[in-house]
Asks: 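Structure in structure tokens, see below.
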There are 2 protein chains.
Amino acid sequence: MKIDVTQHLTLGAKRTLKAFRLAMFEALSEKGFDKITVNDICKKSEYPRATFYNYFDDKFDLLQYLWSYIGKDILDKIPKNGDEEDGIVKIFNLLLEFFNDHQELLINITKNNGSDSHLWHSMSGYLRHEANILIYNYCKENNQVKVPVKLLARFYSDLIIAVLEWCLFEQPDIDVDTADEYLISLLNGGLNA
Amino acid sequence: MKIDVTQHLTLGAKRTLKAFRLAMFEALSEKGFDKITVNDICKKSEYPRATFYNYFDDKFDLLQYLWSYIGKDILDKIPKNGDEEDGIVKIFNLLLEFFNDHQELLINITKNNGSDSHLWHSMSGYLRHEANILIYNYCKENNQVKVPVKLLARFYSDLIIAVLEWCLFEQPDIDVDTADEYLISLLNGGLNA
DNA sequence: GTTGTATTTTGACAGTTGTCAATTATTTTA
DNA sequence: TAAAATAATTGACAACTGTCAAAATACAAC
């Protein structure tokens with residue numbers, strides 16, 4: 001991003017950001033992400049290309065911003081500290097719940113794009129990153145493990161995303177209890193669980 | 001890829017593929033992947049752009065092909081079946097060994113690109129994919145686990161890449177035994193290990 | 001309200017991308 | 001070896017990308 005959205009934004013900047021956000025969201029419901037051009041976004045938002053590049057590096061950058069905007073809703077619900085295992089399961093359940101509550105978003109993500117598309121990769125990458133930060137905070141107090149905390153947090157966030165992807169794309173009709181069972185099984189070691 | 005490199009290739013096709021492979025490899029040692037253009041590759045290989053597009057969709061596609069070409073060396077060494085845990089550790093050790101033996105490759109990957117760059121993501125994505133196929137074959141006989149085999153294999157390949165990345169970028173002077181310890185700890189459940 | 005400053009918007013540009021039908025080279029067959 | 005068939009190469013094209021310095025707008029202080 002060319003600007004810092006965590007700082008104070010002028011009315012104009014807010015208006016423009018919103019227009020680009022909505023334009024991308026609309027475009028995503030119409031065609032695959034790789035077919036969407038910056039020109040498409042600019043036509044929809046009625047801004048010239050140069051304005052787009054005042055805010056974003058490219059269309060990937062806008063997508064990233066879109067996820068972070070949507071993601072605020074989920075992240076606010078997650079407790080900032082607590083027990084490791086509980087925290088991990090909690091994050092996972094909130095993510096699963098979020099996608100159940102936003103079926104239409106998931107449909108847009110998969111409609112014109114495969115589950116291996118850039119679109120899902122970009123979103124899951126964002127979620128993994130945010131989960132990683134939260135989990136690192138859960139883990140950093142715990143010095144009893146043999147493994148470096150940063151690696152441990154990475155391991156947990158990878159796991160959450162893996163099970164989430166499984167539930168969304170491979171077994172969409174799964175119930176929460178079974179999903180949690182999968183997660184906890186792997187959390188406690190895949191082999192002997 | 002526009003052509004199937006597993007099928008028989010004519011002399012001309014082999015010659016051209018090699019030229020593009022070498023051109024990309026050389027370009028990577030000179031600048032960051034995102035700064036490399038198809039034009040650069042074509043200048044180096046002395047082929048016109050249109051020829052490039054007869055073989056590859058884009059520069060990402062060529063990169064993918066480059067990894068698969070380089071990766072043949074590693075993959076051939078890995079036993080095609082065996083015990084789960086042993087197999088996973090074996091794959092991990094071969095990957096670690098490979099990068100120790102090819103320091104200059106790793107340097108090229110990191111020199112003009114961060115560890116979070118497209119370049120490493122592309123390579124690790126390829127390795128994860130290949131590891132996943134091998135591990136799936138190890139696991140598919142084992143019906144005693146609660147978790148779907150496909151998810152289990154995904155979990156293991158994610159884990160291998162996570163520990164590999166840790167060893168290459170966060171703790172480059174790590175010894176193999178410590179690395180294996182990390183891997184096995186996480187394999188047996190991060191929390192109670 | 002006017003002035004000056006900072007921010008946002010803009011059109012135009014040079015370079016890059018991916019595709020096409022036409023050309024050239026290579027291999028196969030007779 | 002010559003003709004036919006197949007495969008590889010090519011230049012030219014239209015569309016897209018990202019950047020710039022100039023213009024327009026919003027905002028603050030007086």
Side-chain angles (χ1 to χ4, degrees), chain A residues 1-24 26-28 30-66 112-113 117-119 122, chain B residues 1-24 26-28 30-66 112-113 117-119 122:
Chain A
M1 290 214 63
K2 299 271 176 68
I3 63 157
D4 184 354
V5 287
T6 63
Q7 295 298 105
H8 171 77
L9 296 175
T10 64
L11 264 179
K14 278 190 202 169
R15 179 167 19 91
T16 314
L17 278 171
K18 186 177 184 179
F20 284 133
R21 225 167 45 219
L22 293 175
M24 175 58 98
E26 193 187 332
L28 282 175
E30 290 168 7
K31 47 171 144 172
F33 178 71
D34 38 327
K35 297 287 171 202
I36 296 172
T37 68
V38 175
N39 283 328
D40 292 337
I41 302 295
C42 291
K43 234 174 243 164
K44 278 188 196 296
S45 59
E46 296 178 293
Y47 278 98
R49 302 173 44 69
T51 303
F52 178 91
Y53 286 106
N54 286 332
Y55 290 87
F56 304 103
D57 295 321
D58 44 40
K59 63 172 182 168
F60 302 96
D61 201 26
L62 166 55
L63 192 63
Q64 202 66 17
Y65 165 67
L66 186 60
N112 305 305
N113 307 275
S117 75
H118 185 92
L119 201 47
S122 160
Chain B
M1 288 212 63
K2 299 272 176 68
I3 63 158
D4 184 353
V5 287
T6 63
Q7 296 298 106
H8 170 77
L9 296 174
T10 63
L11 266 178
K14 279 189 203 170
R15 180 168 17 93
T16 313
L17 279 171
K18 187 178 184 178
F20 284 132
R21 225 164 47 216
L22 293 175
M24 175 57 97
E26 193 187 331
L28 283 175
E30 290 168 9
K31 47 171 145 171
F33 178 72
D34 38 327
K35 297 286 171 203
I36 297 172
T37 68
V38 175
N39 283 328
D40 292 338
I41 302 294
C42 291
K43 236 173 241 165
K44 279 188 195 295
S45 59
E46 296 178 292
Y47 278 98
R49 303 174 42 69
T51 302
F52 178 90
Y53 286 106
N54 286 332
Y55 290 86
F56 304 103
D57 295 323
D58 45 41
K59 62 172 183 168
F60 302 95
D61 200 25
L62 166 55
L63 192 63
Q64 201 68 18
Y65 165 67
L66 187 60
N112 305 304
N113 307 274
S117 73
H118 185 93
L119 200 47
S122 161

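Chain naming here is simple, since letters A, B, ... match the order of the sequence lines and numbering starts at 1 in each.
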Asks: Listed by chain and number, what are the side chain to side chain contact (heavy atoms under 4.5 Å, CB included) partners of B/D34, not counting sequence neighbours?
Replies: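 With neighbours one apart ignored, the set is B/N113.
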
Asks: Can you check side chain to side chain contact (heavy atoms under 4.5 Å, CB included) on A/M1 and A/L17, steps first, answer last?
Replies: CA-CA 11 Å; A/M1 290 214 63; A/L17 278 171; 4.2 Å; yes

Asks: Between atom CD1 of B/I3 and atom OG1 of B/T10, what is the distance when rounded to the nearest 0.5 Å?
Replies: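 If we round to the nearest 0.5 Å, B/I3:CD1 and B/T10:OG1 are 8.0 Å apart.
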
Asks: Please enumerate all residues that pass side chain to side chain donor-acceptor pair (under 3.5 Å) together with B/N39, with sequence neighbours excluded.
Replies: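 So B/N39 forms a side chain to side chain donor-acceptor pair (under 3.5 Å) with B/R49.
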
Asks: Quick check for you: name the first and last nucleotides of DNA chain D, 5' to 3', having an atom under 4.0 Å from a heavy atom of chain B.
Replies: D/dA8 to D/dG11

Asks: Within this structure, what is the CZ-to-P distance between A/F56 and C/dT8, rounded to whole angstrom?
Replies: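 Distance, rounded to whole Å: 13 Å.
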
Asks: Just checking B/Y55: base, sugar-phosphate only, or nothing, at a heavy-atom cut-off of under 4.0 Å?
Replies: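 Sugar-phosphate contact only.
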
Asks: What integer distance in Å separates B/D40:CG from C/dT17:C1'?
Replies: 13 Å

Asks: Could you list the residues that satisfy side chain to side chain contact (heavy atoms under 4.5 Å, CB included) with B/L22, not counting sequence neighbours?
Replies: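 Partners of B/L22 by the side chain to side chain contact (heavy atoms under 4.5 Å, CB included) criterion, ordered by chain and then number, come out as B/K18.
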
Asks: Tell me every residue that passes side chain to side chain contact (heavy atoms under 4.5 Å, CB included) with A/K31, counting only those two or more places apart in sequence or in another chain.
Replies: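 Result, side chain to side chain contact (heavy atoms under 4.5 Å, CB included) vs A/K31: A/K35, A/I36, A/D40.
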
Asks: List in numerical order all residues of residues 8-15 of chain A for which some heavy atom is under 4.0 Å away from an atom belonging to DNA chain C.
Replies: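 A/T10, A/A13 - these, ordered by number, are the residues of the stretch whose heavy atoms sit under 4.0 Å from the strand.
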
Asks: Excluding sequence neighbours, so at least two apart, what forms side chain to side chain donor-acceptor pair (under 3.5 Å) with B/S122?
Replies: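 Expected list: B/W67.
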
Asks: For B/T37, report the nucleic acid contact type (base, sugar-phosphate, nothing); a contact means any heavy atom under 4.0 Å.
Replies: sugar-phosphate

Asks: If the condition is ring-ring contact (aromatic ring centres under 6.0 Å, His included), which residues does A/Y65 pass it with, not counting sequence neighbours?
Replies: A/F56

Asks: If a protein heavy atom is under 4.0 Å from the base, mark B; if only from the sugar-phosphate, S; if neither, -; do that for nucleotides 18-25 of chain C going 5' to 3'.
Replies: BBB-----

Asks: B/K59: which residues meet the salt bridge (Lys or Arg N to Asp or Glu O under 4.0 Å) condition with it, sequence neighbours left out?
Replies: none

Asks: Please report the interatomic distance CE(B/M24) to CD(B/E26), rounded to the nearest 0.5 Å.
Replies: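 Interatomic distance, B/M24 CE to B/E26 CD, rounded to 0.5 Å: 12.0 Å.
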
Asks: With sequence neighbours excluded, tell me which residues meet ring-ring contact (aromatic ring centres under 6.0 Å, His included) with B/Y47.
Replies: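 For B/Y47 the ring-ring contact (aromatic ring centres under 6.0 Å, His included) partners, ignoring immediate neighbours, are B/F20.
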
Asks: What is the distance, to the nearest angstrom, from the CD atom on A/E46 to the P atom on C/dT9?
Replies: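 The answer, rounded to whole Å, is 14 Å.
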
